[in-house]
Amino acid sequence: MPAQGASATDILLSEGVILLGAAVLFVMLFRRFGLGAVLGYLVAGALVGPQGLGLVGGAESKLAIAEIGIVLLLFLVGLELHPARLWRLRHDIFGLGLLQVVLCGVALSGIIFLFTGFSWGAAIALGLPLGLSSTAQVLPGLKSSGRINSPFGEKAFSILLLQDLSIVPLITIIAALSRNPADAAGPPGWLMGAYTVGAIGGLVLAGRFILRPMLRLVGRLGDRELFVVVGLFTVLAAAALMHSLHLSTALGAFVAGVMLADSPYRHEIESDVEPFRSILLGLFFLAVGMVLDLHAVLANPLFVISVAVTLVATKALIIAAIARLFGMEGKPAIALGLLLSQGGEFGFVLFAQAQSALLIAPQAASLFSAIVTLSMATTPFLMLFARRLEFAKPKSTEGLPDPEAAPRGNALIIGYGRFGQTVAQMLMGHGFGVTLIDKKPAQIELSSRFDLKVYYGDGTRIDLLRRAGAEEAKLIAFCIDDPSLDEKVLEPIMEMFPQAAILVRAYDRRQLLQLQDLDIGGVVREVFESAVRMGVQAMALLNVPQWEIVEVERQYRENDAQRLAAQTEQGTLLAAKDLMYRPGRAMTLLEPDDIAGERA
């Protein structure tokens, strides 16, 4: 612990060094063994905290500050949800998600009441939070693997979203059960509901009439720092409004994110806020580890282990059953149950609420926080097993050709759609041996009518690439329409198959910029060349002389290359925006003789 006479600056610096040093060490160690960053932060906090080595104090105050990390996480979740997509997922969110929260919460509350001796009020205050899963663990995993927009990922996302939205009613339930006289003076549940509806409406109006004009102004100024300020201001203002009404700060941040989901500046704000989210969420898990009462946990190890096992098994079974009810195949349904079987970070928040409401003792809060932590420890292993089940071939794919049976050739083409067909046809036309891989059964069946053998599977998986002969291939071309194909997916493939050149079809300019730093053979924007050709045809139909059309195309390509270079260097799409053509800024066209002289 820092010396008693130390200044606030001394304490901040010394504790900061200790916390960050422990976090770096344990997160690297846990990631090395595939256990995830969250457990690294929890163990680091427990080790250096008051219950461990006692090197850092003030865990409760740090936890209060670090909860902003949860707020930023929900803001980024909201940014992913375009209102149209939110409407499309409404049945999964309010059907599958709501059923999961209710059934898991009631089942776990009943188990706690029947087998642990807690009162009904305490059992409900403990069981309902245990029904929630870890957004901080599951969502980044789905994003990094590119599964967030898959049918499986959308089911998981819908459940997690409803869980996050359920924080307000869960807080209301705990407040209604409170034995603390101070809580009796608080607003009744119906009034909190009215506050929630009013606050959400106010945030939506503020976003439309205040925030969007402000972002347009900042966009015209082109100042990256202002985007950071506006992004953080939006999150904190929405959270502060909810906090002042005794509502969920995370809900306010989520609504703020949804307001900006269809904004043209969404990606700028997301990239600016993400580093703050990562740091504060890490601090949150560090603080949770610090507040764990290790003595209470060590005094009841069998209780902690048995309840953690019961928690994981109960949630996995219930979620799998509900998923089957909503039409998922058997193995993907089991995979979804395993993926969401752990306790979640909001459990720590709600246990603290229950403790303040005098429903549970501090020792019980520590025990159940340890149970949630232990259940999180199972997640990395269950994720690996769940992914195997998720990608297991459903009945409709039985009999489709497996890449292991493919003859070894020079190139692997991943994705045999309209883009991949052209690439493959050109290579096969030259005589190269090409292995075609696609994960759409309908595309494979259609290709067979043209006497073409396309093999079934997800070509971003290393094990499948190895079965397809990637270790002998000279080229792997990713021709799939997937904006989430990024360095996290490609770097392991490049390391595993260093002899193969990598080509990638980029969905848009943003994905192109994300891949610029990778040492790959090439990246092609899927619509760039066709759009340029249409521009050429448009000028021809407008009776533009041929030499001018050629010159416009040349200058446009050079200008686009300059913009890409500047955007890559500065890390923002707004870089070099002054190079864009607009009314009042046209090209200076050179005469044919001048062009010839310039080239000479």
Side-chain angles (χ1 to χ4, degrees), residues 36-39 41-42 45 63 66-67 69-74 76-77 93 96-98 100-109 112 124-143 155-171 173-174 248-251 253-254 277 280-282 284-289 291-292 304 307-308 310-316 318-319 336-354 365-380 382-383 386:
V38 172
L39 290 177
Y41 284 122
L42 290 168
L63 184 61
E67 284 179 11
I70 300 291
V71 169
L72 290 174
L73 175 64
L74 266 293
L76 293 175
V77 169
I93 294 171
L96 180 63
L98 182 60
Q100 182 276 321
V101 170
V102 172
L103 292 184
C104 287
V106 169
L108 291 167
S109 298
I112 292 172
I124 291 172
L126 292 168
L128 293 182
L130 289 177
L132 307 182
S133 306
S134 177
T135 302
Q137 268 192 308
V138 176
L139 200 59
L142 290 174
K143 280 187 175 182
K155 287 281 194 301
F157 178 81
S158 298
I159 292 175
L160 290 170
L161 177 58
L162 197 281
Q163 290 179 355
D164 295 336
L165 296 177
S166 68
I167 298 301
V168 173
L170 292 182
I171 290 175
I173 291 172
I174 291 175
S248 167
T249 54
L251 177 62
F254 171 76
R277 191 276 306 175
L280 288 170
L281 198 59
F284 172 81
F285 288 116
L286 279 170
V288 168
V291 299
L292 286 178
V304 172
V307 176
T310 303
L311 166 65
V312 170
T314 302
K315 289 181 69 176
I318 292 176
I319 294 172
L336 186 66
L338 294 174
L339 186 69
L340 301 175
S341 61
Q342 75 289 118
E345 54 276 354
F346 284 115
F348 303 129
V349 177
L350 291 168
F351 294 154
Q353 291 278 134
S366 289
L367 281 175
F368 278 86
S369 293
I371 289 165
V372 170
T373 303
L374 186 57
S375 73
M376 285 180 167
T378 67
T379 301
L382 294 179
M383 274 185 171

Problem set entry | Validation row: Ile173, Ile124 side chains within 4.5 angstrom (heavy atoms) | yes
Problem set entry | Worked verdict on Leu350 versus Leu128 for side-chain contact (heavy atoms from CB on, under 4.5 Å) | CA-CA 9 Å; Leu350 291 168; Leu128 293 182; over 6 Å; no
For this session: Would you please test Phe351 and Val372 for side-chain contact (heavy atoms from CB on, under 4.5 Å) and show each step?
Result: CA-CA 11 Å; Phe351 294 154; Val372 170; 3.8 Å; yes
Exercise. To the nearest 0.5 Å, what is the distance between CD1 (Ile371) and OG (Ser366)?
Worked result: 11.0 Å
Exercise. So which of Leu103, Thr314, Val307 actually passes side-chain contact (heavy atoms from CB on, under 4.5 Å) with Leu108?
Worked result: Thr314
For this session: Could you tell me the separation between the CD1 atom of Ile112 and the CZ atom of Phe368, rounded to the nearest 0.5 Å?
Result: 4.5 Å
Seminar exercise, completed: The single option from Leu339, Leu340, Ile319, Leu96 that satisfies side-chain contact (heavy atoms from CB on, under 4.5 Å) with Lys155 is Leu96
For this session: Apply side-chain contact (heavy atoms from CB on, under 4.5 Å) to Val138 and Gln342, showing your working.
Result: CA-CA 10 Å; Val138 176; Gln342 75 289 118; 3.9 Å; yes
Exercise. Of the non-hydrogen atoms in Ser375 and Gly343, which two are nearest, and what is the gap between them?
Worked result: OG-N, 2.9 Å
Exercise. Roughly how far, to the nearest 0.5 Å, is the SG atom of Cys104 from the CG atom of Leu132?
Worked result: 9.5 Å
Exercise. With side chains defined as the heavy atoms from C-beta onward, is the minimum distance between Leu42 and Met376 less than 4.5 Å?
Worked result: yes
Problem set entry | Atom pair CG/OG of Leu160 and Ser133 - distance to nearest 0.5 Å | 6.0 Å
For this session: Decide yes or no for Leu382 and Ser341: does some side-chain heavy atom of the first lie under 4.5 Å from some side-chain heavy atom of the second?
Result: yes
Exercise. Atom OG in Ser166, atom CD in Gln100: separation rounded to 0.5 Å?
Worked result: 8.5 Å
